[in-house]
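Reviewing the structure listed below.
Every chain is numbered from 1 and lettered A, B, ... according to where its sequence line falls, protein lines coming before strand lines.
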Amino acid sequence: MSEENLKKTPLNEAHRALGGRMVDFGGWDMPVQYTAGVIGEHMATRTAAGLFDVSHMGEIWVDGPGAIAFVNRLTTNDVRALIDGQAHYSALTNETGGVVDDLLVYRFAEEKLLLVVNAATTEKDWAWITSHHTDEDGCELTNASGDFCQIAVQGPKATAIVQKLTETDLSAIKYYHFTEGWVDGVESIISRTGYTGEDGFEVYAAPEYAERLWNKFLSTGGFGLDGGILPCGLAARNTLRLESAMSLYGHELGDDITPLEAGLGWITKLQKGDFTGSDALKRQKEAGLKRKLVGFEMTEPGIARDGCDVYVGDAKLGNVTSGSPAPFLKKNIGLAFLPAEFANIGQEIKIDVRGKHLSASVVPTPFYKRQK
Amino acid sequence: MSNIPENLRYSKDHEWVLVDGDTATIGITDYAQHSLGDVVYIDMPRVGDKFGTHEAFGSVESVKAVSEIFTPVAGEVIEVNDSVNDTPEDVNNDPYEAGWMVKLKLDNPGEADALMSSVEYEEYLAASE
């Protein structure tokens, strides 16, 4: 796809002005890194603050008296457990229990939910959700992906930075809760969520205010390498989420991977009543999982990458879904699927890195957990 | 704008060569390190390994990608830069000095003459933009 055909977020020019190196990410023209580079951006987020443009994510409103029941029928988590101002992580599943997409479900009110889905899958999700929707569901669907910019401020200094720009008391917003408020005078949804393993906020606002908010976060956060906020590209977003062992759709999750296999049993509420794929998931759970997602750490020099084959002895038994150097941990880590009988902490494995079988060991996840 | 020293020869795969008698020092160019991003690991050959022209002799890994490195000229490895894996950022910060990778004893000391000059390499980069 040529650059002209790529979709652009309202921050496209801001990324270019900051020296962002732009790449095609699922049809979006997005910065993979800025001038500080992926390690500098990653470390800034762990030790100070990182700023992320996630405006490419998709947003879908579900409005009406049937909203909760409808979303509960399509997703794995129990939407009835949400209270107003709370969000949860969930998955859209197909009839075989595979994951159509992972998403956040926000409850604004009993009859008003917002689904936030992945950028590259927004159209697929919209088609999936609307194809399972009828007038009898008692709710209306609106694809509002173009109505929002979304900016994430993440890291130990994130709360202080956002707090300087709002009268909303951020300390009153618990993790995975949100509120509607004003940030720098811009009407926003302020959500204590993120994809980095750090504390922080994701701020949703009308796209025309994106650049104003972005620049305000940079200036308020003391933009710079000396303990200030840094804009972070997709590369740092990936290494941050991988250190925290968070799934990335298309890697740990896919149409042929169930949430149980991917270690997402905690969002798969099989007791809540029927939902798409729930029968298949119950059968899988009863029969026992054949494969499981594990975290591993390389125990000799070399870096496993996405797609590398995994061996136990001479037998090829699995594959790496995500592999990378971990800039904060200064180790080479990854996630891989293994047959359940080998998915144990301490299991020694070999990873085929361009023809060399390098040693690695299955370790607990998350690899990184922030000190509270 | 990439830094392209005049005293070196360049390959189309973005390696540089410094010839001194029958010895060639090899590394990757400023353009190559910039394209790769933060370098974290270099897989090196061993002293005594022999390579023909344009053979993969190792790889450079950045956080987000891996790139094989090729011999622009044929020869035997007589020295590798062991310190570069302690400070792989040298490849980014100082690709033509501290970030050198291997020294080869050239099979044919004239071979590097066929590689690009700094002017030719600059034109090559401009044309591939």
Could you check which of A:Gly302, A:Pro327, A:Ala326 has the highest count of heavy-atom pairs closer than 4.5 Å to chain B?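 Heavy-atom pairs under 4.5 Å are most numerous for A:Gly302.
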Return the option, out of A:Gly37, A:Ser324, A:Pro301, A:Ala236, with the maximum number of heavy-atom pairs under 4.5 Å with chain B.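 Between A:Gly37, A:Ser324, A:Pro301, A:Ala236, the count favours A:Pro301.
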Could you give the distance from CG (B:Asn92) to CD1 (A:Ile39), rounded to the nearest 0.5 Å?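 Answer for the CG-CD1 pair, B:Asn92 versus A:Ile39, is 8.0 Å.
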Taking atom [atom1] as the centre, does [X] end up with more than 12 heavy-atom neighbours from other residues, nucleotides or ligands that are less than 6.0 angstrom away?
X        : atom1 : value
B:Asp20  : CG    : no
A:His251 : NE2   : yes
B:Glu97  : CD    : no
A:Glu13  : CD    : no
B:Asp86  : CG    : yes

Looking at [X] and [Y], what are the two nearest heavy atoms and their distance?
X        : Y       : value
A:Gly40  : B:Asp38 : N-OD2, 4.2 Å
A:Pro325 : B:Ser62 : CG-O, 4.1 Å
A:Arg305 : B:Val63 : NH1-O, 2.9 Å

Check each atom of A:Lys330 against the heavy atoms of chain B and say whether the ones under 4.5 Å are side chain, backbone, both or neither.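 Neither part.
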Run the side-chain contact (heavy atoms from CB on, under 4.5 Å) check on A:Val32 and B:Lys64 step by step: do they pass? CA-CA 10 Å; A:Val32 66; B:Lys64 62 181 194 291; 4.0 Å; yes
Side chain of A:Arg354, backbone of B:Glu68: donor and acceptor closer than 3.5 Å? no
For a 4.5 angstrom cut-off between non-hydrogen side-chain atoms, does B:Val66 reach A:Val353? no
